[in-house]
2 protein chains.
Amino acid sequence: MSASAESAPARRGRPGYDREQVLAVAVELFNEQGYDATSVADLAQRLGLTKSALYHHFDSKEQLLALALDEALGGLEGVLDAPADADPAERLAAVLRGAVLVLVDRLPYVTLLLRVRGNSDVERAALERRRAFDHRVTMLVTEAQSSGSVRSDVDGPVVTRLVFGMVNSLVEWYRPGGAIDRDRLAHDVVTVALDGMRTR
Amino acid sequence: MSASAESAPARRGRPGYDREQVLAVAVELFNEQGYDATSVADLAQRLGLTKSALYHHFDSKEQLLALALDEALGGLEGVLDAPADADPAERLAAVLRGAVLVLVDRLPYVTLLLRVRGNSDVERAALERRRAFDHRVTMLVTEAQSSGSVRSDVDGPVVTRLVFGMVNSLVEWYRPGGAIDRDRLAHDVVTVALDGMRTR
DNA sequence: GTCTATAGACCGATAGAC
DNA sequence: GTCTATCGGTCTATAGAC
C-alpha cells in the first residue's frame with residue numbers, strides 16, 4: 001500500500017471504528033448474549049457510541065450477522081478447496097485438522113455460525129451453505145470407507161456427523177491462549193476421532 | 001390412583017391444556033425459534049389460545065424454561081446416579097450409552113438445555129448443574145486413565161469434552177422415528193467414541 | 001461521523017368480564 | 001379457563017442538527 005497505515009485508509013477526525021472492528025465487537029456480543037437477545041443499543045453501549053452512529057456503519061443488525069456468517073463459512077469452505085491429492089484417508093485427516101484450525105482461528109465467527117437456527121433469510125442461506133459443506137465431507141468419508149480406511153460397520157453419514165459434532169463442540173469450551181495451543185488441539189482431535197479414547 | 005384417568009385429574013369444561021402439554025409445545029417452539037426470539041404471543045397462537053389463557057397455566061415465560069431445563073438435567077443426573085459397580089471402563093461405557101438414551105428420550109428438553117448460554121438466573125443455575133454433571137464424568141474418565149483403559153496421551157478433561165461434545169451434537173441432527181433406532185444409535189456412538197472411525 | 005429525539009411495532013404481564 | 005383491552009417498557013430504524 002501507499003503511505004500511513006497498513007491496509008485501511010488513514011483515519012481522520014474522531015477516532016471512530018471501521019466496519020471490521022465494529023463487526024468483531026458485535027460478534028463477541030452476539031456470542032455472549034445471543035443474537036436475538038442483543039439489541040443495537042447494547043452494541044452501541046459496548047462501543048461507546050450511540051445507535052445512530054452505528055447505523056452510519058451498517059444498514060441493519062442483520063447485515064452484521066450476514067457478514068459474520070460469511071467469514072466463518074468462507075474459512076470452512078477453504079479447507080475443502082485447498083489440498084486435493086493423496087489417498088482418501090490422508091485427505092480426511094487433513095480436512096479434520098484444517099477444520100479445527102479454522103474453528104480456532106475464527107472462533108467467534110464459527111461459534112456464531114454454529115448457533116444459527118434458520119430464523120430469517122440470512123440464517124437460512126447460511127444453513128444452506130453449511131449443508132453443502134457437510135455433504136462434501138460426507139462424500140469424502142464414504143470414499144474412505146470404500147477404500148477400507150474408515151470402518152464400514154457404522155453408516156457413513158452417521159460417522160461423519162459424529163466426528164464433526166466432536167469438532168464443532170470445540171466452540172463450547174476451547175479458548176485460545178489457554179494451556180493447549182491450536183496445533184496440540186488439532187492433533188488431539190484427530191487422534192480421538194480416528195482411534196477413539198480406548199487404549200489398545 | 002383412584003377412578004377416572006391415569007395420573008391427572010379428569011378434565012372438565014373446555015378441553016384446554018394441562019401444564020405438561022403446554023410445556024411440551026413451548027419447548028418445541030423454543031427449539032424452533034430460540035427462547036428469546038419466541039414471544040408468549042407466538043406460543044399462544046400455536047396452542048390456539050390467547051396470552052391471558054396461557055398466563056393462567058404459568059407465572060412467566062421463564063418458568064416454562066426452568067421446568068424444561070429441570071426435565072433434561074434430571075435425566076442426565078440419573079445416568080450417573082444409577083449403576084455403580086464394575087471397572088471404570090465399563091462404567092464409562094454405560095454412562096456414555098445412558099447419556100445417549102436420555103438425550104434421545106428427552107430430545108426436545110436436552111436440546112433446549114444445550115442451547116442455554118447463562119443469560120438469566122434460571123439459565124445460570126442450569127449451567128451450574130451441567131458443570132457439576134461434566135465434572136463427575138471427567139472424574140470417571142481420569143479414573144479410567146489411571147486403570148489403563150483410556151489413553152493417557154490426551155488430557156483427561158479434553159478427551160471427556162471431545163467425547164461428550166460428540167454425544168451432545170446428536171441434538172443437531174438425530175430425529176426419533178427415522179432409519180436409525182435409539183439402541184443402534186447408542187451402539188454406534190459408543191463404538192466411535194471408544195475406537196474411533198479408522199479401521200485397524 | 002457523531003449526536004438528540006422519536007416513530008411505530010412488539011414485548012411480557014395484568015385487570016377484569018364472562 | 002377463556003376472553004378483550006391495555007399498561008409500561010423495549011425494540012429496530014430513521015430524521016435532522018452539528
Side-chain angles (χ1 to χ4, degrees), chain A residues 4-5 8-27 29-30 32-69 112 116-117 119-123, chain B residues 4-5 8-27 29-30 32-69 112 116-117 119-123:
Chain A
S4 62
R11 283 264 144 240
R12 323 233 325 239
R14 308 257 205 118
Y17 295 92
D18 61 21
R19 286 170 76 93
E20 227 173 308
Q21 292 172 308
V22 171
L23 182 59
V25 174
V27 170
L29 202 53
F30 292 161
E32 284 177 25
Q33 307 184 343
Y35 173 76
D36 286 305
T38 301
S39 69
V40 177
D42 291 339
L43 177 55
Q45 185 178 39
R46 173 151 311 189
L47 287 164
L49 297 178
T50 60
K51 287 196 297 172
S52 294
L54 264 186
Y55 276 104
H56 173 76
H57 293 289
F58 292 99
D59 295 336
S60 69
K61 179 184 168 186
E62 201 170 35
Q63 187 188 37
L64 285 166
L65 179 63
L67 287 166
L69 297 179
L112 192 62
V116 156
R117 315 252 47 106
N119 237 346
S120 64
D121 287 339
V122 165
E123 296 196 358
Chain B
S4 61
R11 284 264 143 238
R12 326 235 323 244
R14 308 257 207 116
Y17 295 92
D18 61 22
R19 287 170 75 93
E20 229 172 307
Q21 293 172 307
V22 171
L23 182 61
V25 175
V27 169
L29 203 53
F30 291 161
E32 284 177 24
Q33 308 186 339
Y35 174 76
D36 286 306
T38 301
S39 69
V40 177
D42 290 339
L43 177 55
Q45 185 178 39
R46 172 151 315 188
L47 287 163
L49 297 177
T50 60
K51 284 199 296 175
S52 294
L54 263 188
Y55 275 104
H56 173 78
H57 293 290
F58 291 98
D59 295 337
S60 69
K61 179 185 168 185
E62 200 169 37
Q63 187 187 36
L64 284 166
L65 179 63
L67 287 166
L69 297 179
L112 192 62
V116 156
R117 318 249 49 104
N119 238 347
S120 65
D121 287 338
V122 164
E123 296 196 359

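In what follows, every chain begins at residue 1, and chains take the letters A, B, ... in the order their sequences are listed. Bear in mind the structure is a predicted one, so any value in this text is a computation, not a measurement.
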Tell me the interatomic distance from [X], atom [atom1], to [N], atom [atom2], rounded to whole angstroms.
{"X": "B:Phe30", "N": "C:dG12", "atom1": "CZ", "atom2": "C1'", "value": "12 Å"}
{"X": "A:His57", "N": "C:dC3", "atom1": "NE2", "atom2": "C1'", "value": "13 Å"}
{"X": "B:Gln21", "N": "D:dG1", "atom1": "CD", "atom2": "P", "value": "12 Å"}
{"X": "B:Asp18", "N": "D:dG1", "atom1": "CG", "atom2": "C1'", "value": "13 Å"}
{"X": "A:Tyr55", "N": "C:dT4", "atom1": "OH", "atom2": "C1'", "value": "16 Å"}
{"X": "B:Asn119", "N": "C:dG12", "atom1": "CG", "atom2": "C1'", "value": "16 Å"}
{"X": "B:Leu54", "N": "C:dG12", "atom1": "CG", "atom2": "P", "value": "11 Å"}
{"X": "A:Gln45", "N": "D:dT10", "atom1": "CD", "atom2": "P", "value": "13 Å"}

Backbone N or O of B:Phe58 within a donor-acceptor pair of the B:Arg19 side chain at under 3.5 Å?
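Side chain of B:Arg19 to backbone of B:Phe58: no pair is present.
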Please confirm whether the backbone N or O of B:Asp42 pairs with a side-chain atom of B:Gln45, one donor and one acceptor, at under 3.5 Å?
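No; judged by distance alone, with no hydrogens or angles, the pair does not exist.
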Interatomic distance, [X] atom [atom1] to [Y] atom [atom2] [nearest 0.5 angstrom]:
{"X": "A:Leu23", "Y": "A:Leu67", "atom1": "CG", "atom2": "CG", "value": "6.0 Å"}
{"X": "A:Leu54", "Y": "A:Arg46", "atom1": "CG", "atom2": "CZ", "value": "13.0 Å"}
{"X": "B:Leu49", "Y": "B:Leu43", "atom1": "CG", "atom2": "CG", "value": "8.5 Å"}

At under 4.0 Å, does any side-chain N or O of A:Thr50 touch on OP1 or OP2 of C:dC3?
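A:Thr50 to C:dC3 OP1/OP2: side-chain N or O found under 4.0 Å.
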C:dT2 phosphate, OP1 or OP2, under 4.0 Å from A:His56 side-chain N/O:
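Negative; the distance criterion is not met.
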Expected rows: protein N/O vs nucleotides 16-18 of chain D N/O, under 3.5 Å:
none

If you draw a 6.0 Å radius around CD in B:Gln63, do more than 12 non-hydrogen atoms from other residues or ligands fall strictly inside?
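For B:Gln63, atom CD is crowded (more than 12 foreign heavy atoms under 6.0 Å).
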Looking at every heavy atom in both [X] and [Y], which two are closest together, and how far apart are they?
{"X": "B:Leu112", "Y": "B:Ala68", "answer": "CD2-CB, 3.7 Å"}
{"X": "A:Gln33", "Y": "B:Asn119", "answer": "O-ND2, 2.5 Å"}
{"X": "B:Glu32", "Y": "A:Arg117", "answer": "O-CB, 4.3 Å"}
{"X": "A:Ser120", "Y": "A:Glu62", "answer": "OG-OE2, 2.9 Å"}

Taking the side chain of A:Lys51 as its heavy atoms from C-beta onward, which of C:dT6, C:dG12, D:dC3 lies nearest to it?
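Of C:dT6, C:dG12, D:dC3, C:dT6 is nearest to the side chain of A:Lys51.
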Please examine the side chains of B:Leu65 and B:Glu123, heavy atoms only from C-beta on, and report whether any two atoms are closer than 4.5 Å.
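Side chain of B:Glu123 against side chain of B:Leu65, heavy atoms only: contact under 4.5 Å found.
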Please list, by residue number, the residues of residues 32-42 of chain B whose heavy atoms come closer than 4.0 Å to an atom of DNA chain D; answer none if no residue qualifies.
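None, since no heavy atom is under 4.0 Å.
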Which residues in residues 59-67 of chain B have a heavy atom closer than 4.0 Å to any atom of DNA chain C?
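B:Ser60, B:Lys61 - these, ordered by number, are the residues of the stretch whose heavy atoms sit under 4.0 Å from the strand.
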